[in-house]
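Both counts, for ligands and for their atoms, begin at 1 and track the order of listing.
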Amino acid sequence: KTVVHITGARPNFPKAAPVLAALDQKVDQMLVHTGQHYDDRLSRVFFDELALPEPDLNLNAGSGSHATQTAAVMVGLEQVFTERRPDLVVVYGDINSTLAAALVAAKLGIPVAHVEAGLRSFDMTMPEEVNRRVTDQLSDLLLVTSADAVGHLAREGVAAERIHFVGNPMIDTLLTHLDRFDEAAARKQHGLDGDYLVATLHRPSNVDDPAAVRQLVSVLHEAAERMPLVIPLHPRGRAGLEKAGLDASSGVKLTDPLPYTAFLGLVRGARAVLTDSGGVQEEASVLGVPCLTMRPNTERPVTITHGTNRLVTPHGVLPALDAVLAEPPATRPAPLEKRPPLWDGAAGPRIAEVILSWLAR
Ligand code: UD1
């Protein structure tokens with residue numbers, strides 16, 4: 001049996017690594033990189049650090065409008081799937097490459113497994129919400145990270161036998177590499193001695209609209225007056241943020257995108273993290289680091305109910321931050337019983353088991 005895994009952007013790599021490892025030697029595997037992310041700092045370093053196998057193929061789809069990017073991935077994958085005729089295509093998360101792969105496979109009659117199915121922000125202005133909904137409709141196996149996702153899929157008419165609550169493979173990767181998240185090294189790298197904060201920002205809703213980005217930049221500068229604030233900048237929106245006045249003044253420390261372990265070492269030692277990323281909400285929750293999510297909604301509510309996350313408006317960031325700073329620090333990392341159910345480091349093997357028994361059916 002042949003299983004083809006589709007990855008394309010930074011958040012895919014820590015999700016795919018434990019699945020590839022758990023299926024190793026049990027099926028023929030092919031790893032495709034669509035090339036959606038092509039910067040070494042968003043791609044190459046993850047393959048090296050996570051010991052991911054070299055992709056069998058890179059489609060070099062690159063950047064562009066949504067249609068251009070999605071179409072480039074589709075055209076490339078149609079050829080691959082037609083030639084290889086895999087028994088299963090595994091897609092990860094909610095990026096354009098995920099949607100493109102699911103669409104091509106479905107049209108060719110090739111079954112699709114979606115890792116991280118069923119998450120919903122109920123915000124159709126997010127490109128990822130469109131990608132999630134369509135991908136789930138096209139998938140044969142829906143591998144779910146949290147119980148709320150099961151309910152969403154059931155309400156959308158997905159048959160119960162297709163849905164498998166397996167836990168979170170991204171957390172497998174986090175727990176595997178936990179000992180390498182070196183807070184002291186992060187302090188040294190960024191010239192930090194006492195308490196500090198970390199922020200990441202890349203969502204179109206936050207970095208593309210000039211008024212929104214100006215407001216957030218002034219909030220970030222105010223936050224940095226409490227204590228130093230390190231901001232690793234995603235290439236998307238970097239120019240917009242700098243144009244809106246984000247600079248390395250009064251406690252703000254700007255850096256390039258960081259490798260996986262360096263970033264999580266930095267987060268692990270932070271008093272709090274401010275973000276609009278999906279993955280960071282999950283990682284901060286398991287590390288036990290307070291997380292303020294600068295968004296009106298989250299597709300990961302389990303990080304609020306079973307984690308350290310809270311949603312904040314631009315006006316709410318500083319009051320929420322002050323509240324967090326006044327609280328006694330939580331245990332780090334969060335003990336197993338305080339984490340979301342099945343975020344235990346064994347999602348990869350559970351996913352492999354579901355896939356293998358499905359292939360043998
Ligand atoms: C993509 C995902 C997003 C995810 C994010 C993680 C979609 C719709 N979005 O967003 O869900 O949270 O990855 O990082 O799939 N760029 C570079 N170098 C690269 C890649 C991109 O400089 O290697 C810049 C380009 O200016 C590009 C822009 O970032 O136009 C956007 O890239 P794109 O892949 O479309 O989306 P991301 O914002 O990275």
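If you look at P11 next to ligand 1, the close heavy atoms, those under 4.0 Å, all belong to the side chain. Contacts with ligand 1 closer than 4.0 Å are made by side-chain heavy atoms of L42 only, the backbone lying farther away. At a 4.0 Å heavy-atom cut-off, ligand 1 touches E128 through the side chain alone.
Counting heavy atoms of neighbouring residues, nucleotides and ligands inside a 6.0 Å radius, atom CD of E129 exceeds 12 of them.
Electrostatic pairing of R226 and D322 counts as a salt bridge here, judged by a charged N lying under 4.0 Å from a carboxylate O. A salt bridge is defined here as a Lys NZ or Arg NE, NH1 or NH2 lying under 4.0 Å from an Asp or Glu carboxylate O, and E78 with K107 fails to meet this definition. In summary, R238 and E242 engage in a salt bridge, as defined by a charged side-chain N under 4.0 Å from a carboxylate O.
For H66, no nitrogen or oxygen atom sits less than 3.5 Å from a nitrogen or oxygen atom of ligand 1, counting backbone and side chain alike. Residue contacts with ligand 1: H202 is placed with a nitrogen or oxygen under 3.5 Å of a nitrogen or oxygen of the ligand (distance criterion only).
Ligand-side atoms of ligand 1 in range of Q69: 33 (P), 34 (O), 35 (O), range being under 4.0 angstrom from any heavy atom. Within the listing of ligand 1, atoms 14 (O), 37 (P), 38 (O), 39 (O) sit less than 4.0 angstrom from a heavy atom of H234.
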| field | Intermediate values then yes/no, side chain to side chain contact (heavy atoms under 4.5 Å, CB included), R10 and V45 | value | CA-CA 10 Å; R10 181 167 64 177; V45 291; over 6 Å; no

| request: Test L287 against R332 for side chain to side chain contact (heavy atoms under 4.5 Å, CB included), laying out the working first. | output: CA-CA 6 Å; L287 290 174; R332 298 184 183 198; over 6 Å; no

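At the shortest separation from atom 22 (O) of ligand 1 among protein heavy atoms lies P235 CB, 3.1 Å. Among all non-hydrogen protein atoms, the one lying nearest atom 19 (C) of ligand 1 is Y38 CZ, 3.4 Å. When hydrogens are left out, the protein atom nearest atom 25 (C) of ligand 1 is S63 OG, 3.5 Å; that is the closest non-hydrogen contact. Protein heavy atom at the shortest distance from atom 2 (C) of ligand 1 is I95 CG2, 3.7 Å. The protein heavy-atom contact nearest to atom 10 (O) of ligand 1 is H37 NE2, 4.3 Å.
Applying the ring pair (Phe, Tyr, Trp, His ring centres under 6.0 Å) criterion to F46, with sequence neighbours excluded, gives no partner residue. Among residues two or more places apart in sequence or in another chain, the ring pair (Phe, Tyr, Trp, His ring centres under 6.0 Å) test is passed with H37 by H234.
Under the 6.0 Å cut-off for aromatic ring centres, H33 and F47 qualify, their centroids lying closer than that.
Ligand 1 is never approached by R41 to a heavy-atom distance shorter than 4.0 Å.
The nearest non-hydrogen atom to atom 29 (O) of ligand 1, considering only R236, R238, Q36, R44, comes from R236. Evaluated by nearest non-hydrogen atom to atom 8 (C) of ligand 1, the leading choice among N96, L99, T70 is N96.
Ring geometry for H5 against Y92 counts as parallel: the plane angle stays under 30°, on a 0 to 90° scale with 60° as the upper cut.
Distance check on atom 34 (O) of ligand 1: some protein heavy atom falls below the 4.0 Å cut-off.
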